[in-house]
Amino acid sequence: MEDTISAVASALGEGAVGIIRISGTKALEIGEKLFRAASGKALASYPTHTLVYGHVYDYDNSLVDEVLTVYMKGPRSYTAEDVVEIQCHGGIQSLKKILKLTYEAGARPAEAGEFTKRAFLNGRIDLTQAEAVMDIIQSRSELGLKVAVQQQQGQLAKALRAVRKELVDVIVNLEAVIDYPEEDIEDVTYGQVEKNINVSLKAMDNLLNNAQTGKILREGLKTAIVGRPNVGKSSLLNALLKEERAIVSEYAGTTRDVIEEQLLVDGVPLVLADTAGIRDTEDFVERIGVERSRKLLEQAELVICVLDASKSLEMEDMAILDMSMAKDFVIILNKSDLAQKVILQELKDKYGPERVLALSAKTGAGVEDFVSWLKNYVFGQDKTLGNGIYIQNARQENLLRQAKTSLEDALEAVENTLPYDCIVIDVRNAIDLLGEITGDTVKDEIINEIFARFCVGK
């Protein structure tokens, strides 16, 4: 990483302040070429990490902008390299001009995520912390931000490395017996190995149990509201949004397309879609909406199936219920303020008491009970919201599940008293997979793929 990179580190657009970041061996040299301190002193003469007031000039000595500049000597910087950041006015032209000057002075354009990638490669952060950087930027809720900050502090990596250490100890003891059978080494019993592997499996299970919560906090819970026309789907959406977002009418088929909203329901980020009523129809436009509803139902992580409690269940209701069963679901008996023709207890007996709720989207009665159900679904009844260690994304979850499978294979080998060599192979594979999560054993192509998802300048 001998080359020096630069990029706009703030959002490119009109704003009060814009930041150009330069990182690498020539960062200070490039900064000195562009920046002139108002004091007349060289930037290098100031203590590192000190903001200096001055101006940026073009090579023809024309003034470009009034700026503040800071030199951060490595390794005490974001990338652990020498870094210069220029804070100018946030206009597009000013940023583009100064950025162009950095290129002319010897920097090259930074690739997506390259500053964070250098921080990782230079050992300042691990891979879970690097991924948490983008989670902080993209947080959809206060709880999501809290979890991302915790991960950026290295909590997940610390937990994973504790598991790896436990497994490394298992291998060290096993290989000592394998390599030096003639030495007077205390025998490693199968019972001891089994006990140690079970401890690691329990730690993995605890992390995997939180995987769904971490994903929801990061990306939002993809939720589809489905049901026959005129059962109150749009009214429920409006009740959750606390505004009249969707058209509500006594006429069936009012919603003819998918209405998608992102909202926070008591800290739970939802990607909530109000779908067209699912039914057979001859109306061409409505039929398109129904097909979109069916596709959305297939993609949803949670299905809210709304029924009209003031009317007897129809064949279309039963068909929609059957479709919902393929997903995680909750059944909402709407219009509880009217005379009831659907018996709540019968549905609870059939689909589970925790899966059926009654409410009135019109009056708001029971909506808070549904919100509580959502929170329990995401966080679990015994969990403290936002606390704990959470798997951040599908990559981490998949690797952790593979590592668990390898340990389960090792445990089976122990139970069948297979040779120690067979156990070592599976345990070592689990260690390598855990290392891919933290970046200790990850391949270069995976690293490049991860950081390519970052924004330029981060």
Side-chain angles (χ1 to χ4, degrees), residues 113 126-160 163 203-225 240 260-273 296-304 324 326-330 371-405 433-434 436-439 442 446 449-455:
D126 62 52
L127 203 51
T128 63
Q129 291 174 297
E131 289 178 297
V133 170
M134 282 307 296
D135 291 346
I136 291 173
I137 295 170
Q138 297 172 349
S139 294
R140 294 175 180 242
S141 67
E142 185 176 343
L143 285 174
L145 175 62
K146 181 178 180 180
V147 169
V149 170
Q150 288 174 344
Q151 307 302 58
Q152 209 274 330
Q153 296 300 310
Q155 288 194 4
L156 177 58
K158 183 178 179 181
L160 292 171
V163 176
M204 289 182 179
D205 282 334
N206 289 337
L207 290 172
L208 288 170
N209 288 339
N210 285 340
Q212 180 191 19
T213 302
K215 181 178 181 295
I216 291 171
L217 290 176
R218 181 176 182 269
E219 301 174 7
L221 178 62
K222 295 178 182 177
T223 309
I225 305 176
L240 293 172
E260 190 168 280
E261 289 284 349
Q262 296 187 19
L263 70 154
L264 287 175
V265 178
D266 207 3
V268 179
L270 299 182
V271 181
L272 190 62
L296 194 72
L297 192 151
E298 294 175 0
Q299 298 168 357
E301 296 168 319
L302 174 66
V303 176
I304 302 173
S324 301
K327 299 283 185 176
D328 271 356
F329 69 94
V330 59
V371 171
S372 295
W373 183 93
L374 267 178
K375 290 169 64 178
N376 288 337
Y377 171 79
V378 173
F379 299 106
Q381 293 182 349
D382 300 325
K383 294 179 185 176
T384 304
L385 306 188
N387 292 329
I389 302 172
Y390 297 95
I391 295 296
Q392 295 163 257
N393 53 51
R395 184 191 78 87
Q396 295 174 357
E397 182 180 355
N398 289 338
L399 288 169
L400 189 56
R401 290 194 185 280
Q402 291 177 46
K404 180 185 175 184
T405 299
L433 288 164
L434 293 175
E436 286 191 46
I437 299 176
T438 59
V442 71
I446 301 299
E449 180 182 337
I450 291 170
F451 288 104
R453 301 170 189 164
F454 281 48
C455 52

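- Not counting sequence neighbours, Thr223 has no partner by the side chain to side chain donor-acceptor pair (under 3.5 Å) test.
- Remark: the backbone N or O of Gln150 is not paired with any side-chain donor or acceptor of Gln153 at under 3.5 angstrom.
- Counted by atom type alone, Asp135 and Gln151 present zero donor-acceptor pairs between their side chains at under 3.5 Å.
- Here Glu436 pairs with nothing under the salt bridge (charged side-chain N to carboxylate O under 4.0 Å, His left out) rule; sequence neighbours left out.
- To the nearest 0.5 Å, atoms CG (Leu399) and CZ (Arg395) are separated by 5.5 Å.
- With sequence neighbours left out, Asn206 forms a side chain to side chain donor-acceptor pair (under 3.5 Å) with no residue at all.
- Atom CG in Leu374 sits 6.5 Å away from atom CG in Leu302 (nearest 0.5 Å).
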What's the verdict on side-chain hydrogen bond (donor to acceptor under 3.5 Å, both in side chains) for Glu131 and Gln396, showing C-alpha distance, side-chain angles and the deciding distance?
-> CA-CA 10 Å; Glu131 289 178 297; Gln396 295 174 357; 2.7 Å; yes

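- The minimum heavy-atom distance between Thr128 and Ala157, with the atom names listed, is OG1-CB, 3.5 Å.
- With sequence neighbours excluded, the residues forming a side-chain contact (heavy atoms from CB on, under 4.5 Å) with Ala159 are Ile389, listed by chain and number.
- Side-chain contact between Leu207 and Leu156 is present, with heavy atoms from C-beta onward closer than 4.5 Å.
- Using modelled atom types, one side-chain atom of Asp126 and one backbone atom of Gln129 make a donor-acceptor pair closer than 3.5 Å.
- Residues that satisfy the ring-ring contact (aromatic ring centres under 6.0 Å, His included) test with Tyr377, not counting sequence neighbours, are Trp373.
- For the pair Leu272 and Ile304, the minimum side-chain heavy-atom distance is below 4.5 Å.
- Between Leu270 and Ile216, every side-chain heavy-atom pair lies at or beyond the 4.5 Å cut-off.
- Atom CD of Gln402 and atom CD1 of Ile437 lie 9.0 Å apart (nearest 0.5 Å).
- The minimum heavy-atom distance linking Met204 with Val163 is given by the pair CE-CG1, 4.1 Å.
- Residue Lys327 qualifies as enclosed at atom NZ: its count of foreign heavy atoms under 6.0 Å is above 12.
- Under the side chain to side chain donor-acceptor pair (under 3.5 Å) criterion, Lys215 pairs with Glu219, Glu301, sequence neighbours left out.
- Counting heavy atoms from C-beta outward, Thr438 and Leu127 have side chains that stay 4.5 Å or more apart.
- The distance from atom CG of Leu160 to atom CD of Gln155, rounded to the nearest 0.5 Å, is 12.0 Å.
- Between Lys404 and Leu400, the closest side-chain pair of non-hydrogen atoms is not below 4.5 Å.
- In this view, Gln152 satisfies the side chain to side chain donor-acceptor pair (under 3.5 Å) rule with no residue, not counting sequence neighbours.
- Taking 4.5 Å as the limit, every side-chain heavy atom of Val271 sits out of range of all side-chain heavy atoms of Leu221.
- A search for side-chain contact (heavy atoms from CB on, under 4.5 Å) contacts involving Ala300 returns Ala224, Val303, not counting sequence neighbours.
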